[in-house]
Amino acid sequence: MQEEIVIIGAGQAGSQLAHSLRQGGFEGPLRLIGDEPHPPYQRPPLSKKYLSGDVGAEGLWLRPPAFFETNKIDHIPNTKVVAIDRAAKRLDLANGDTLSYAKLVLATGTNARSLPLAGADKKGVATLRSIADVDVIREGMKTSSNIAIIGAGYIGLEVAAVAKALGKSVSVIEAQDRPMKRVVSEAVSDYFAKLHRDNGIDLRLETGVEGLEGGDTVTGVRLKDGELVPAELVLIAVGAEPNDHLAGEAGLEVDNGVLVDGSGQTSDPDIYAVGDCTRFYSNRYQRSVRMESVQNAIDQAKAAAQSLLGEEVDYDPLPWFWSDQYDIKLQIAGLSEGYDDTVVVGSPEDHKFYVAYLSEGKLIAVDSINFPRSHMMARRVIGEIWREGLLPDA
């Protein structure tokens, strides 16, 4: 009889791992532990279609509940793991129970990063990571005319677009000098800054926040310069941090993510990790990377399943991401960090263009705005020397 595999984390990566193990012929006991009451679900639509009400919770589910029963995957919801005893191969649960494992997989994802702001505990202040978070934000939007978003990354800008479409007055407050600065070039930042301002967003760049005002309920955001931005609902959207504390407390190697090799194995041969919570070395980019994306969650989970089934595997993906804001789709292929030159093809004024990122003449990433053909081609040719015709003309 095959030994039991336990997966902590019932999100995209954990669900995919369980599925891939069964597809690959694993017939032993398989448990999938999640700390939410829902079946495994998609997170990208949370800040878009679920927030807007275009889809309900069931529309987010990755697979119907019957899938887990049919495939003999013991999905255990509403359960939090508080400690890993590696010597005893045992998990301690928040309800006092324990659970043994032969092989363990951490698919614990990320948490929304918080800010040490005065007033951050007031009613009406939210972060966005789960269905429950969005339910709170949706309720808040019903009674709020003014919404303030701290952070102009993907999540902040996506929520801004939805809130504006619902007729709200929206302010986006960003400490950096341009939106999405960490992941896109100046040309792409400038395009999205103009897009949001043209849609009526009060976008404030290079603006610091002093604290949140109000009694029990928030009434506004106090800026560093003393100005008060009125808001009955405040979203803190300043990125995410990996849920690697369980691993660290158990003595596994962590560094802003659980460190894994190309098979997903941690510093303990009986423990693997997959998805947003991991960090691994990429030969493609010659550095350690941590990726927060659906693509990475799925593909790394498939690779770890292969390894658990006894196959040789060395995971080194070409990452890709996307963001929907208004009727604009941003698609990113590759990682642009370290670029020394860019090539802009197409017209931002026509809302259709792409930016190719080069490093020493080699194509390392492409941002495509309403230009799916360039995105799909980029995923095939990244890593090649830039030349005319490598990607499509405008």
Side-chain angles (χ1 to χ4, degrees), residues 10-12 15 34-65 67 77-78 109-112 122-173 179-180 192 195-203 217-219 221 229-240 292-294 297 321-331 351 370:
Q12 186 94 52
S15 175
D35 60 4
E36 295 185 64
H38 312 281
Y41 62 88
Q42 307 171 70
R43 293 191 190 275
L46 287 175
S47 56
K48 300 178 277 286
K49 290 187 175 182
Y50 185 68
L51 177 61
S52 67
D54 289 345
V55 300
E58 291 187 10
L60 301 176
W61 293 352
L62 292 165
R63 296 174 179 89
F67 167 86
N78 265 337
T110 61
N111 271 330
K122 295 181 185 299
K123 184 180 178 183
V125 180
T127 56
L128 196 161
R129 179 60 189 164
S130 67
I131 285 177
D133 292 336
V134 180
D135 288 344
V136 169
I137 294 168
R138 285 166 67 171
E139 283 301 307
M141 280 191 178
K142 291 177 182 178
T143 56
S144 301
S145 299
N146 303 293
I147 297 171
I149 299 168
I150 301 173
Y154 293 137
I155 296 294
L157 295 180
E158 288 168 2
V159 172
V162 171
K164 195 64 188 177
L166 293 174
K168 307 301 179 180
S169 175
V170 183
S171 299
V172 177
I173 303 160
M180 299 188 291
F192 278 96
L195 175 70
H196 282 274
R197 285 171 170 152
D198 286 350
N199 277 276
I201 302 295
D202 177 20
L203 176 61
T217 301
V218 71
T219 58
V221 179
V229 176
E232 301 84 46
L233 176 65
V234 176
L235 173 67
I236 298 176
V238 291
E292 298 171 18
S293 73
V294 170
F321 318 83
W322 77 91
S323 177
D324 295 317
Q325 300 170 35
Y326 307 102
D327 58 349
I328 304 299
K329 180 175 284 294
L330 167 64
Q331 294 172 288
H351 305 288
N370 283 356

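Checked for salt-bridge contact, Lys48 and Asp324 miss the test: no charged N lies under 4.0 Å from a carboxylate O. Salt bridge Arg43/Glu36: present, at least one basic N to carboxylate O contact under 4.0 Å.
For the pair Ala10 and Gly34, the tightest heavy-atom approach, listed with the atom from each and the gap, is CB-CA, 3.7 Å. Between Ser144 and Lys168, the shortest heavy-atom distance links the atoms O-NZ, 3.0 Å. Across Asn146 and Pro230, no two heavy atoms sit closer than the pair CB-O, 3.4 Å. Scanning both residues, Tyr50 and Gly56, for their nearest heavy atoms gives CE1-C, 3.7 Å. Here the closest non-hydrogen pair linking Gly59 and Gln42 is O-NE2, 3.7 Å. Nearest heavy atoms, Gly11 versus Leu62: O-CD1, 4.1 Å.
Between the CE atom in Met180 and the OH atom in Tyr154 there is a gap of 7.0 Å [rounded to 0.5 Å]. If you take OG on Ser47 and CD1 on Ile137, they are separated by 9.0 Å, rounding to the nearest 0.5 Å. We find the CG-CZ distance between Asp133 and Arg138 to be 13.0 Å, quoted to the nearest 0.5 Å. Remark: Leu128 CG to Ile236 CD1 distance equals 12.0 Å, nearest 0.5 Å. The distance from atom OG of Ser15 to atom CZ of Phe67, rounded to the nearest 0.5 Å, is 6.5 Å. Atom CG in Asp135 sits 8.0 Å away from atom OG in Ser130 (nearest 0.5 Å).
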request  = Go through the steps for His196 and Val172 under the test side chain to side chain contact (heavy atoms under 4.5 Å, CB included), then give the verdict.
outcome  = CA-CA 10 Å; His196 282 274; Val172 177; 5.9 Å; no
request  = Begin from the C-alpha positions of Ile149 and Ile173 and carry the test side chain to side chain contact (heavy atoms under 4.5 Å, CB included) through to its verdict.
outcome  = CA-CA 6 Å; Ile149 299 168; Ile173 303 160; over 6 Å; no
request  = Could you check Ser323 against Glu158 for side chain to side chain donor-acceptor pair (under 3.5 Å), going step by step and ending with a plain yes or no?
outcome  = CA-CA 8 Å; Ser323 177; Glu158 288 168 2; 2.6 Å; yes
Chi angles and distances behind the side chain to side chain contact (heavy atoms under 4.5 Å, CB included) call for Leu233, Val218 = CA-CA 7 Å; Leu233 176 65; Val218 71; 6.0 Å; no
key: Test side chain to side chain contact (heavy atoms under 4.5 Å, CB included) applied to Lys142 and Glu139, step by step   = CA-CA 5 Å; Lys142 291 177 182 178; Glu139 283 301 307; 2.7 Å; yes
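For the pair Arg197 (side chain) and Leu203 (backbone), a donor-acceptor distance under 3.5 Å is present. Distance alone, capped at 3.5 Å, is enough to place a donor-acceptor pair between the Ser52 side chain and the Lys49 backbone. Judged by distance alone, with hydrogens and angles left aside, the side-chain atoms of Asp202 form no donor-acceptor pair with the main-chain N or O of Val170 at under 3.5 Å.
In the displayed structure, Lys329 atom NZ is contacted under 6.0 Å by more than 12 heavy atoms of other residues, nucleotides or ligands.
In this structure Glu232 satisfies the salt bridge (charged side-chain N to carboxylate O under 4.0 Å, His left out) test with no other residue, sequence neighbours excluded.
Between Leu235 and Ile147 the shortest side-chain heavy-atom distance does not fall below 4.5 Å. Side-chain contact check for Pro37 versus Pro77: every heavy-atom pair is 4.5 Å or farther apart. Side-chain contact between Thr217 and Lys122 is absent, with no heavy atoms from C-beta onward closer than 4.5 Å. A heavy-atom distance below 4.5 Å is found between the side chains of Phe192 and Ile328. Residues Trp322 and Ser293 fail the side-chain proximity criterion, which asks for heavy atoms closer than 4.5 Å. In this structure, the side chains of Leu51 and Met141 come closer than 4.5 Å at one or more pairs of heavy atoms.
Arg63 forms no cation-pi arrangement with Tyr41, by the criterion of a distance under 6.0 Å to the ring centre and an angle within 45° of the ring axis.
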